[in-house]
Enquirer: 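Please read through the structure below; I'll follow up with questions.
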Amino acid sequence: MSCFIPSTSNTPNFEDCILILPALSLGNVGQLTLDLLVPSLQIPHVGYIDDPCVLPCAGNDAYTKRGTGVLCSNLEIYHSEAKKLVLLQQRAPVATGRNKHFVSNIINWARESKFKYILLLLSSDAAYRTPTQMDGSPFRAVSVAADPVAEIPSLESESYSNTFKSGTVAENFVAACSAEQFPLRAVTMFCSEGDNIPDAIKMATQLDSLLELSDSKAGSPNWVLPSSWAALLRGNYVDRFLFG
């Protein structure tokens, strides 16, 4: 089962909060979006999730300069009490054959913590769009045991199998939430593999419109890029002397 480990002496109250988490998918758009939300909205880190289904990992904090951050792990929790949001950032894959168990663990934790609903962020391969999907919004939404996302078009049936591929975490979330009648909203974006930072900015902007995340009165907020993206923006530096 999933166990929440607070990083402070006070255990936060997640009741009636929205739990936002990514599903590992094309371009890692969901993870990149959460990496934008944390520094931009200044959402504090409150703890970790200990789950045996996720491979271990540890590293420097993604949001501070190298050498000055705290330890980050495979499943991190960020909580905005004012906005009633909880972000679950996943930094390591689920172990082979454990997707179903992982999803069950997260849903059980969400139910015990009395979350309002789960908001799942993922992406779909733009190469498989239908002719009618070429124009208009790149976003699609699916709701389970929850009201439809009125601001985003519903995912067309012909695109369902490409978006929620059999056996994936995303597909298991839809199936499990449907069986247990736990509220789930999933938002996907058509994209291609490559530089997916612009896609993450678009998804963050879409979420800002959907959930009124920022306090900006003049449109979308100025998104703050995390320091860990420096290598993505400049490219990985390789010393030329390695090649003689």
Enquirer: What's the spacing between Glu171 CD and Ser161 OG if we round to 0.5 Å?
Expert: 11.0 Å

Enquirer: Whether the Ser209 and Glu151 side chains hold a donor-acceptor pair (N or O, under 3.5 Å, no angle test) is what I'd like checked.
Expert: no

Enquirer: Rounded at 0.5 Å granularity, tell me how far CG in Leu41 sits from CG in Leu207.
Expert: 10.0 Å

Enquirer: Rounded to the nearest 0.5 Å, how far does CG of Leu55 lie from CG of Asn74?
Expert: 8.0 Å

Enquirer: Check whether any side-chain heavy atom of Leu211 lies under 4.5 Å from a side-chain heavy atom of Ile20, and answer yes or no.
Expert: yes

Enquirer: For the pair Arg91 and Asp35, find out whether any cationic side-chain nitrogen is under 4.0 Å from an anionic carboxylate oxygen.
Expert: yes

Enquirer: With side-chain hydrogen bond (donor to acceptor under 3.5 Å, both in side chains) as the test, pick out the partner of Ser159 among Gln133, Arg129, Arg140.
Expert: Gln133

Enquirer: Could you tell me if the side chain of Trp223 sits less than 4.5 Å from the side chain of Thr205, heavy atoms only?
Expert: yes

Enquirer: Taking the six-membered ring of Phe182, is the NZ or CZ of Arg111 close enough (under 6.0 Å from the centre) and on axis enough (within 45°)?
Expert: no

Enquirer: Supply the atom-to-atom distance Ile118 CD1 to Ile106 CD1, rounded to the nearest 0.5 angstrom.
Expert: 8.0 Å

Enquirer: Quick check for you: to the nearest 0.5 Å, what is the distance between Thr188 atom OG1 and Phe190 atom CZ?
Expert: 7.0 Å

Enquirer: Would you please classify the geometry between the Tyr63 ring and the Tyr78 ring as parallel, tilted or perpendicular, with 30° and 60° separating the classes?
Expert: perpendicular

Enquirer: How close do Gln90 and Val94 get, heavy atom to heavy atom, and via which atoms?
Expert: NE2-CG2, 3.7 Å

Enquirer: Would you say Glu180 and Asn108 make side-chain contact, with heavy atoms under 4.5 Å?
Expert: yes

Enquirer: Would you say Asn99 and Asn172 are linked by a side-chain donor-acceptor pair, where the criterion is simply a distance under 3.5 Å?
Expert: no

Enquirer: Take Leu225 and Leu36, measure what side-chain contact (heavy atoms from CB on, under 4.5 Å) needs, and give me the verdict at the end.
Expert: CA-CA 6 Å; Leu225 305 187; Leu36 272 178; 3.5 Å; yes

Enquirer: Count I, L, V, M, F, W, Y as connected when their side-chain heavy atoms are under 4.5 Å apart, and connections chain through other members. Are Phe115 and Leu120 then in the same cluster?
Expert: yes

Enquirer: Starting from Leu32, can I reach Val169 by hopping between I/L/V/M/F/W/Y residues whose side chains sit under 4.5 Å apart?
Expert: no

Enquirer: Just wondering, do Asp51 and Trp109 contact through their side chains at under 4.5 Å, heavy atoms?
Expert: no

Enquirer: Same cluster or not: Leu85 versus Val224, using hydrophobic residues (I, L, V, M, F, W, Y) connected whenever any side-chain heavy atoms lie under 4.5 Å apart?
Expert: no

Enquirer: Any non-hydrogen side-chain atom of Asn105 less than 4.5 Å from a side-chain atom of Cys53?
Expert: yes

Enquirer: What about Leu34 and Val54, same hydrophobic cluster or not, with Ile/Leu/Val/Met/Phe/Trp/Tyr joined at side-chain heavy-atom distances under 4.5 Å?
Expert: no

Enquirer: Could you check whether any side-chain heavy atom of Ile49 comes within less than 4.5 Å of a side-chain heavy atom of Ile77, counting everything from C-beta outward?
Expert: yes

Enquirer: Looking at side-chain heavy atoms only, is the closest gap between Phe139 and Leu210 below 4.5 Å?
Expert: no

Enquirer: Do Val86 and Leu184 sit in the same hydrophobic cluster, where Ile, Leu, Val, Met, Phe, Trp and Tyr count as joined when their side-chain heavy atoms come under 4.5 Å apart?
Expert: yes

Enquirer: Measure the spacing between OH of Tyr160 and OG of Ser124 and express it to the nearest 0.5 Å.
Expert: 11.5 Å

Enquirer: Apply side-chain contact (heavy atoms from CB on, under 4.5 Å) to the pair Asn196 and Met203, showing each step before the final yes or no.
Expert: CA-CA 11 Å; Asn196 295 103; Met203 179 167 276; over 6 Å; no

